[in-house]
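Within every chain, numbering begins at 1; the chains are lettered A, B, ... in the order of the sequence lines, protein sequences first and strands thereafter.
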4 protein chains.
Amino acid sequence: MNSQFDNLKTEKKERIINAALKEFAQSGYEKASTNGIIKEAGIAKGSLFNYFNNKKELYLFLLDYVTKIIDEIYSKADWNETDFFKRMSQIGCIKFEIYKKYPQAFDFMKRAVSEGATEVRTEIEALIKNLISTGLERGYQNIDFSKFRTDLDLEKVTKIINWTALGFAEEQRDKVNSFQDVTADVLDEWEELSNILKRCFYKQEYCGDD
Amino acid sequence: MNSQFDNLKTEKKERIINAALKEFAQSGYEKASTNGIIKEAGIAKGSLFNYFNNKKELYLFLLDYVTKIIDEIYSKADWNETDFFKRMSQIGCIKFEIYKKYPQAFDFMKRAVSEGATEVRTEIEALIKNLISTGLERGYQNIDFSKFRTDLDLEKVTKIINWTALGFAEEQRDKVNSFQDVTADVLDEWEELSNILKRCFYKQEYCGDD
Amino acid sequence: MNSQFDNLKTEKKERIINAALKEFAQSGYEKASTNGIIKEAGIAKGSLFNYFNNKKELYLFLLDYVTKIIDEIYSKADWNETDFFKRMSQIGCIKFEIYKKYPQAFDFMKRAVSEGATEVRTEIEALIKNLISTGLERGYQNIDFSKFRTDLDLEKVTKIINWTALGFAEEQRDKVNSFQDVTADVLDEWEELSNILKRCFYKQEYCGDD
Amino acid sequence: MNSQFDNLKTEKKERIINAALKEFAQSGYEKASTNGIIKEAGIAKGSLFNYFNNKKELYLFLLDYVTKIIDEIYSKADWNETDFFKRMSQIGCIKFEIYKKYPQAFDFMKRAVSEGATEVRTEIEALIKNLISTGLERGYQNIDFSKFRTDLDLEKVTKIINWTALGFAEEQRDKVNSFQDVTADVLDEWEELSNILKRCFYKQEYCGDD
DNA sequence: TATGAATGAGGATTCATTCAT
DNA sequence: AATGAATGAATCCTCATTCAT
């Protein structure tokens with residue numbers, strides 16, 4: 001079980017976690033090599049299987065680990081900000097900060113989303129579903145929806161905005177591939193998109209560009 | 001070569017193609033088992049390698065096969081329709097029709113897009129690049145962009161619409177997972193989204209829900 | 001059986017024989033590909049197995065074929081020449097002539113001698129033994145052994161000469177590898193070796209260099 | 001690498017080495033079956049590939065192994081012996097002793113010399129070239145060539161003697177095939193050949209049969 | 001008689017997992 | 001608790017041989 005793994009020194013634990021995240025992120029579940037992990041982590045073959053009974057258990061542990069990191073995003077957000085677009089920008093920035101801190105975790109998660117291995121797909125999908133639902137729930141907390149035009153279906157409008165944000169994020173990710181160089185440019189471009197959306201979906205008095 | 005495969009009876013060819021599409025869609029390139037394919041297709045171990053010299057060649061053949069199916073979409077579209085949203089609906093419907101005819105091909109393509117295997121990634125990326133460029137080119141052919149508001153950046157606006165369409169399609173796919181039962185409902189829902197977008201992005205005189 | 005093969009047109013027979021000789025010479029028994037043979041010969045897969053029940057039978061047929069070619073060597077020699085060294089030179093020259101006519105047969109034979117495949121080794125060894133014994137028997141026919149010194153064991157002396165000839169031939173083969181460019185030089189060098197041997201093993205009155 | 005293999009118990013290492021030598025000697029590089037080796041050695045399928053990454057590496061290891069055995073021959077010879085024939089006899093005897101100790105190694109080497117597999121041919125040829133050059137160099141070390149007649153080309157004379165020795169060795173090997181029973185007889189026969197050669201090639205004062 | 005598609009045993013190699021130390 | 005050698009099922013692929021046409 002994990003009790004044995006938990007009792008390890010923090011440094012060793014991190015070494016193992018990072019080695020495993022990296023390997024799974026690079027190669028996907030099935031192709032990831034336990035040999036690669038133990039080599040990178042500098043531990044013995046048997047040890048890995050002492051800590052985690054098998055590959056799947058290790059993968060699921062990591063899935064749980066990154067979930068906690070994602071939770072960090074939400075715990076850091078300023079839930080008093082009531083403007084929908086400002087909240088989105090804020091969360092985007094925090095995501096980015098955390099990415100710089102735990103890059104492997106993000107690469108792992110990115111890979112997990114498109115993971116095809118039947119052995120773990122179910123768990124990943126459940127996690128994603130959960131993440132999305134609680135994410136939306138928390139993401140919409142304290143938002144002042146009264147700024148939106150009342151002649152448009154609010155649910156649909158927020159969907160359009162979310163899809164736009166998602167599409168934009170995807171586009172940026174494809175463009176940079178490693179989040180190293182992105183900063184102000186990306187934010188500026190998002191600002192422009194935000195303004196278009198605001199002008200369309202907000203009541204006229206809230207359309208100011210600030 | 002494929003000459004031997006081409007000479008097979010249509011029924012057998014389809015059995016093999018579908019078995020392979022299914023296996024690759026489920027497991028990805030590397031983990032897909034040729035054993036699984038021949039078992040599902042009901043052919044002998046060696047036969048598959050008579051038809052295709054190796055796994056990669058088989059995969060590339062399938063990639064070509066689905067490309068042709070995608071081309072079918074465009075060849076069936078009415079390129080005289082100048083309204084952006086009507087064109088999108090039309091292509092969406094055709095896509096859907098073809099999906100019902102070749103469901104595995106779509107799952108295969110979906111998987112291919114996020115395929116990580118280095119052995120075939122180059123080919124996939126080339127194909128995608130080609131698909132996107134000719135796709136956009138053809139997709140925007142004859143569109144009357146003068147209907148759009150001139151005070152908004154047209155490029156960004158079309159991006160928002162495309163992301164919305166993509167996000168909506170994804171949502172529907174996740175919802176139904178097998179496209180068996182969806183029809184009018186989906187179209188109605190898209191119509192509603194379309195109307196919101198039209199009201200926001202078209203000049204006022206074109207916002208009629210026609 | 002071979003009756004079916006025998007009834008083939010000469011041209012086709014030769015095409016098949018040469019293709020097979022070439023393939024076996026290049027790749028050895030086990031690694032030789034029946035596919036390679038039928039492709040080179042321009043016949044159908046099944047045909048080869050109509051003519052010869054299996055790979056081994058084909059190989060054995062070729063072994064027999066080249067044996068007949070070797071017999072040609074002896075049938076062409078001038079058996080009235082009684083000088084041991086002149087006879088050797090003569091046979092060497094004839095060998096060389098025939099090599100130029102049937103190069104594949106020689107390459108095949110060369111490869112056969114060092115063939116390791118257990119499936120055919122027995123037959124090859126029997127053939128070689130037979131070739132050597134009848135070869136020696138015929139090679140020594142009509143030779144005037146009275147020219148040799150009587151104080152040396154004749155059997156041993158002829159052995160030494162044969163080993164020298166063999167060693168020399170081997171050396172030349174390694175040097176040229178394809179018998180294309182060898183001619184006078186080789187003969188001259190052999191002449192020199194012959195003279196040394198003559199001076200040692202012939203009675204003094206026969207040591208003249210011609 | 002070989003570190004894992006090196007750490008094995010001597011008995012197991014020898015079992016594997018001998019099994020592999022035997023298989024490669026019998027079947028040649030390409031046709032040699034790793035299955036055959038592991039079966040003969042009594043180890044698991046995967047183990048062989050733990051010790052040696054692949055077939056080629058195993059083969060190259062064996063090539064190195066037999067080279068060391070050959071070096072043993074030279075390290076045991078008495079390099080103060082200046083008589084050419086005595087030196088040859090001596091090395092011949094040592095070779096024979098070692099053959100009795102490592103029969104498979106000799107069969108392996110014999111096969112290697114005529115190995116056709118392109119995958120290992122380069123390495124074999126390099127080894128042979130090295131073996132021959134250092135072999136000749138060491139073999140002729142301290143030899144008193146002044147014993148030879150000066151009216152004969154020394155280079156050619158030594159060649160004749162070497163070819164004779166080689167031919168004789170080959171003859172003996174073919175005769176006994178397992179070297180179990182040969183001893184004094186062979187030496188006696190070689191002595192007789194030596195005497196003939198000495199009487200022909202040495203200056204008269206050194207022809208004593210001692 | 002000639003064909004070539006179909007077969008399947010066998011090839012080398014990989015890798016998660018076990019277990020004696 | 002930690003180790004790493006041993007395992008063997010599963011991987012893709014080859015090829016001599018068969019057999020229906």
Side-chain angles (χ1 to χ4, degrees), chain A residues 4-5 7-8 12 27 29-39 43-59 119, chain B residues 3-5 7-9 12 27 29-38 42-58 119, chain C residues 4-5 7-8 12 29-39 43-58 119, chain D residues 3-5 7-9 12 27 29-38 42-58 119:
Chain A
Q4 197 186 143
F5 180 69
N7 293 336
L8 256 38
K12 193 172 190 177
S27 312
Y29 178 75
E30 309 260 19
K31 245 288 180 141
S33 159
T34 52
N35 266 341
I37 295 170
I38 61 118
K39 210 170 146 189
I43 59 170
K45 195 80 180 267
S47 295
L48 191 67
F49 288 90
N50 286 340
Y51 309 144
F52 308 96
N53 289 321
N54 51 43
K55 202 182 184 178
K56 186 178 176 181
E57 217 168 74
L58 166 60
Y59 190 86
E119 229 178 322
Chain B
S3 68
Q4 191 181 153
F5 181 69
N7 294 336
L8 255 38
K9 277 181 242 160
K12 193 172 192 176
S27 311
Y29 178 75
E30 309 254 23
K31 196 64 210 323
S33 163
T34 51
N35 274 347
I37 294 169
I38 60 120
I43 59 171
K45 204 125 179 201
S47 292
L48 189 66
F49 291 93
N50 284 341
Y51 308 144
F52 307 96
N53 289 322
N54 50 46
K55 200 183 184 178
K56 186 178 175 181
E57 216 169 77
L58 167 58
E119 228 179 325
Chain C
Q4 196 186 144
F5 180 70
N7 293 336
L8 254 40
K12 192 173 190 178
Y29 178 75
E30 309 260 19
K31 244 294 180 133
S33 159
T34 51
N35 266 340
I37 295 169
I38 61 116
K39 210 169 143 188
I43 59 169
K45 195 79 179 269
S47 294
L48 190 67
F49 288 90
N50 286 340
Y51 308 144
F52 308 96
N53 289 321
N54 51 42
K55 202 181 182 178
K56 186 178 176 180
E57 216 168 73
L58 167 59
E119 230 178 321
Chain D
S3 68
Q4 191 182 152
F5 181 70
N7 294 337
L8 255 40
K9 277 182 241 160
K12 192 171 192 177
S27 311
Y29 177 75
E30 308 253 25
K31 197 62 208 324
S33 163
T34 51
N35 273 349
I37 294 170
I38 60 119
I43 59 171
K45 204 127 180 198
S47 293
L48 190 67
F49 291 92
N50 283 341
Y51 308 144
F52 308 96
N53 288 321
N54 50 47
K55 200 182 184 178
K56 185 180 176 180
E57 217 170 75
L58 166 59
E119 227 179 325

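Atom-to-atom distance recorded for D:Asn53:CG and D:Leu58:CG is 11.0 Å, nearest 0.5 angstrom. From B:Ser27, atom OG reaches atom CD of A:Glu119 across 11.0 Å, with rounding to the nearest 0.5 Å. Atom NZ in B:Lys31 sits 7.5 Å away from atom OG in B:Ser33 (nearest 0.5 Å). Once rounded to the nearest 0.5 Å, the distance linking CD of B:Gln4 with OG of B:Ser47 reads 8.0 Å.
Take C:Lys12 and apply the side-chain contact (heavy atoms from CB on, under 4.5 Å) test, not counting sequence neighbours, and it matches C:Leu8, C:Arg15, C:Ile16, C:Ile43, C:Tyr51. Listed by chain and number, the residues in a salt bridge (Lys or Arg N to Asp or Glu O under 4.0 Å) with B:Lys56 are B:Glu123 (sequence neighbours excluded). For A:Lys45, the side-chain contact (heavy atoms from CB on, under 4.5 Å) partners are A:Thr34, A:Asn35, A:Ile38, not counting sequence neighbours.
Across every non-hydrogen atom of C:Glu30 and C:Lys55, the tightest pair is O-NZ, 2.9 Å.
We find that CD1 of B:Ile43 is positioned 11 Å from C1' of E:dA5, with the value rounded to whole Å. Regarding C:Leu48, its CG atom lies at a distance of 16 Å from the P atom of E:dT1, rounded to whole Å. As a whole-Å value, the separation of D:Phe52 CZ from F:dA5 C1' is 14 Å. Computed from coordinates, the D:Phe5 CZ to F:dA6 P distance equals 11 Å when rounded to whole Å. Residue C:Ile38 contributes atom CD1, which lies 15 Å from atom P of E:dA2 at whole-angstrom precision. Between the CG atom of D:Leu8 and the C1' atom of F:dT7 there is a distance of 14 Å, given to the nearest Å.
When the nearest nucleotides of DNA chain E are assigned to D:Gly36 and C:Lys12 by heavy-atom distance, the more 5′-ward of the two goes with C:Lys12.
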Q. Using Watson-Crick and G-U wobble pairs with both distances under 3.5 Å, what is the 5'-to-3' dot-bracket string of DNA chain E, with [ ] for crossing pairs and | for pairs outside the strand?
A. .||||||||||||||||||||
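The aromatic rings of C:Phe52 and C:Phe5 sit tilted relative to each other, their planes meeting at an angle between 30° and 60°.
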Q.
Strictly under 4.0 angstrom, non-hydrogen atoms only: write out the protein contact profile of nucleotides 13-21 of chain F, one letter per nucleotide from the 5' end, B, S or -.
A. BBBBBB---
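Distances shorter than 4.0 Å separate some side-chain N or O of B:Tyr51 from OP1 or OP2 on E:dA6.
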